[in-house]
*Asks:* 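Let me give you the structure first, and then I'll get to my questions.
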Amino acid sequence: MKELKNVEVFLFDLDGTLNMGENPIEGAMDTLRILDQKGKKVFFVTNNSSKSKYDYLKKIQRLGYNADISQIVTSGMAAASYINKHYKNKTVFCLGTETLKKELSEDGINIVDIGQKSDIMLLAFDTELTYKKLWNATNLVADGSIYIATHPDYVCPSDNGNMPDAGAYIACVEATTGKRPEIIIGKPYAPMAEYVFDFCNVTPDKVAFVGDRLYTDIKFAINNKMTSILVLSGETTLEDYKASKLDVDYVFDNVNSLRNI
Ligand SMILES: [Mg+2]
């Protein structure tokens, strides 16, 4: 655990930490500006692979913080980097949104369509899911394509109830094929951490992760040797935290406690 005044880089989750859907958590955008003024570096790290970094840039700006594209990391970006590093020039069928597929293509990933053979089946948070896409994905996994998932979250909070997220799709693919992903990229796993440290040009001892979800955000911090900061403004209650037995460095009601470091 680091004294927070010595932390140089603050990584923030979004939903439940800085915002609830389209609404910022009260004071959160001012808190980001205060951290800027203190000379801290701020980045946004989301597992949500249904949107591109450009979508997230617009979203954070709508919430009221003048973010730059260089502050945004998504599990989709980390997945592209991972595939380029370990499976250069392999073909990829992506169970994902059009905006994600466009971003992957821009990063040099060779995306194939339904019905084509594919070396890799990349499962993402596909909010444009069709039965044909799902069936194609399970066929590829059953036939031995390398199975990668962008992130493990079961649900994505929204203003209209929890949305089934990539983790729920992983369960569906497992029920159909008996197979789990060989690699999961996003929080809490190492590929996302390696990507983030590289992206932010920092070592974990100088980093704190701020998030509201125990099984992704907090485990991400703990497993990858960052300082962990749990905020109770999202899905985790104090009772959940106590029951988890996780050794969290700091627990705050919301991000505004970071103003006083
Ligand atoms: Mg969250």
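As the structure lists them, so they are numbered: ligands from 1, and atoms in each ligand from 1. Bear in mind that the values here come from a model prediction, so they are computed numbers and not experimental data. If you read the sequence from its start, that first residue is 1, and numbering goes on from there.
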*Asks:* Mind listing the protein N/O/S atoms less than 2.8 Å away from the Mg ion (ligand 1)? Waters don't count.
*Replies:*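 Correct list: Asp13 OD2, Asp15 O, Asp212 OD1.
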*Asks:* Between Tyr65 and Phe44, is the gap from one ring center to the other below 6.0 Å?
*Replies:*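 Centroid separation for Tyr65 and Phe44: below 6.0 Å.
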*Asks:* With a 4.5 Å limit on heavy-atom distance, are the side chains of Phe12 and Leu32 in contact?
*Replies:*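 Result yes, sub-4.5 Å side-chain heavy-atom pair found.
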*Asks:* Closer than 4.0 angstrom, basic N to acidic O: yes or no for Arg213 and Asp153?
*Replies:*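 Salt bridge present between Arg213 and Asp153.
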*Asks:* Considering only heavy atoms from C-beta outward, does the side chain of Ser81 approach that of Asp107 to under 4.5 Å?
*Replies:*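 Not touching, per the 4.5 Å side-chain cut-off.
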*Asks:* Can you get from Leu100 to Ile146 by hopping between Ile, Leu, Val, Met, Phe, Trp and Tyr side chains that sit under 4.5 Å apart?
*Replies:*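 The answer is yes; both residues are in one hydrophobic cluster.
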*Asks:* Is Lys102 salt-bridged to Glu98, going by a charged N under 4.0 Å from an acidic O?
*Replies:*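 Result for this pair is no, no salt bridge flagged.
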